[in-house]
Amino acid sequence: MPADPITAAGLSPRRISRNIARVFATATPHELDTGQHWYPDAHALATRLADNGGLCVETAAIVLAHLSPRTPWSRTIIHAHALLTTGQAPGAIGANLARARTALAAADPWTTFTVTSLKTRAFAAAILGDPDAIVIDVWSARVAGIDDSARCLRRSGFYDATAELYRRVAHHHSITPAVLQAVTWTVIRGRPD
């Protein structure tokens, strides 16, 4: 039987789970509150963008997700608003903007995610209210104690296996996985943006 992707990368699922739980345990009441409201607030934003842009909330959430890689959330919001109101998004990363435009033109914007777009697909799902969606970016990897300089998250099955560990820790703490991820992300970043 082949080793799970985490063990195959030389890491310990138990240690990753402990790291996630440890970071969650350090959350202040403010960080808990911020994490609990992060995705509902992002959904409300997607709803406003959709209303202003004359499109469905699903497309607006996917546009936000596509514009987000390597971009602070505050800038992502500015880019999304500009794109949906003017058709332009000055300062947005070119590849992100191209994917967001493709999503706007697609009959089914979910088809604009590639098989390697696990993080951005999960981000769109979390914005849309999927309580099991886990967004593992560099900060969530740090929460888990994963040094992604070896690009572990790109290895086959690794992202999904790590997301499943987040889900197990969330279940242990009786909260939704998306809330756990948002809380720990806020803790590790030290701020919600």
Side-chain angles (χ1 to χ4, degrees), residues 34-35 37-130 132-144 146-160 162-163 166 177-178 181-182 184-186 188-193:
T34 298
H37 291 98
W38 206 99
Y39 286 116
D41 290 349
H43 186 272
L45 169 66
T47 300
R48 287 190 306 276
L49 289 170
D51 290 346
N52 293 338
L55 49 127
C56 71
V57 175
E58 186 175 53
T59 299
I62 290 170
V63 165
L64 284 164
H66 279 313
L67 289 170
S68 70
R70 298 184 316 276
T71 305
W73 182 238
S74 58
R75 297 291 307 160
T76 298
I77 295 168
I78 291 167
H79 297 321
H81 182 265
L83 178 61
L84 296 176
T85 58
T86 69
Q88 302 297 317
I93 295 171
N96 295 355
L97 181 56
R99 286 188 288 273
R101 283 187 171 137
T102 300
L104 285 171
D108 178 1
W110 288 103
T111 63
T112 63
F113 293 107
T114 67
V115 295
T116 60
S117 302
L118 301 173
K119 178 187 73 151
T120 51
R121 176 184 287 277
F123 192 35
I127 291 170
L128 289 168
D130 180 346
D132 291 321
I134 299 293
V135 181
I136 304 174
D137 63 359
V138 66
W139 296 102
S140 295
R142 287 178 185 166
V143 166
I146 299 167
D147 172 12
D148 204 37
S149 60
R151 304 245 185 228
C152 292
L153 291 170
R154 293 182 183 220
R155 293 180 185 185
S156 178
F158 193 94
Y159 186 102
D160 291 334
T162 304
Y166 265 92
Q181 180 264 308
T184 57
W185 189 89
T186 301
I188 205 80
R189 288 266 305 171
R191 59 189 189 280
D193 181 20

Verify, without hydrogens or angle tests, whether [X] (side chain) and [Y] (backbone) share a donor-acceptor contact under 3.5 angstrom.
{"X": "Thr71", "Y": "Pro69", "answer": "yes"}
{"X": "Arg101", "Y": "Leu83", "answer": "no"}
{"X": "Tyr166", "Y": "Ser140", "answer": "yes"}

Where is the tightest heavy-atom contact between [X] and [Y], given as atom of each residue plus distance?
{"X": "Gly35", "Y": "Ala182", "result": "O-CB, 3.4 Å"}
{"X": "Ile146", "Y": "Phe158", "result": "CD1-CE2, 3.8 Å"}
{"X": "Thr120", "Y": "Ser68", "result": "CG2-OG, 4.4 Å"}
{"X": "Tyr159", "Y": "Val135", "result": "OH-CA, 3.5 Å"}
{"X": "Ala133", "Y": "Ala126", "result": "CB-N, 3.6 Å"}
{"X": "Ile134", "Y": "Ala178", "result": "CD1-N, 4.2 Å"}

List in chain and number order the residues that pass side-chain hydrogen bond (donor to acceptor under 3.5 Å, both in side chains) with [X], two or more places apart in sequence or in another chain; answer none if no residue qualifies.
{"X": "Tyr39", "answer": "Gln181"}
{"X": "His81", "answer": "none"}
{"X": "Ser117", "answer": "Thr114"}
{"X": "Thr112", "answer": "His66"}

Got a second to check how far [X]'s [atom1] is from [Y]'s [atom2], nearest 0.5 Å?
{"X": "Arg142", "Y": "Arg189", "atom1": "CZ", "atom2": "CZ", "value": "9.0 Å"}
{"X": "Arg75", "Y": "Ile93", "atom1": "CZ", "atom2": "CD1", "value": "10.5 Å"}
{"X": "Phe113", "Y": "Asp108", "atom1": "CZ", "atom2": "CG", "value": "10.0 Å"}

Which residues pass the side-chain contact (heavy atoms from CB on, under 4.5 Å) test with Pro40, not counting sequence neighbours? none
Less than 3.5 Å apart, which donor and acceptor atoms pair up between the side chains of residues 42-64 and the rest of the protein, not counting sequence neighbours?
residue : atom : partner : partner atom : Å
Thr47   : OG1  : His43   : O            : 2.9
Asn52   : ND2  : Arg48   : O            : 3.3
Glu58   : OE2  : Trp110  : NE1          : 2.4

Taking the inter-plane angle between the rings of Trp38 and Phe123 on a 0 to 90° scale, is it parallel (under 30°), tilted (30 to 60°) or perpendicular (over 60°)? tilted
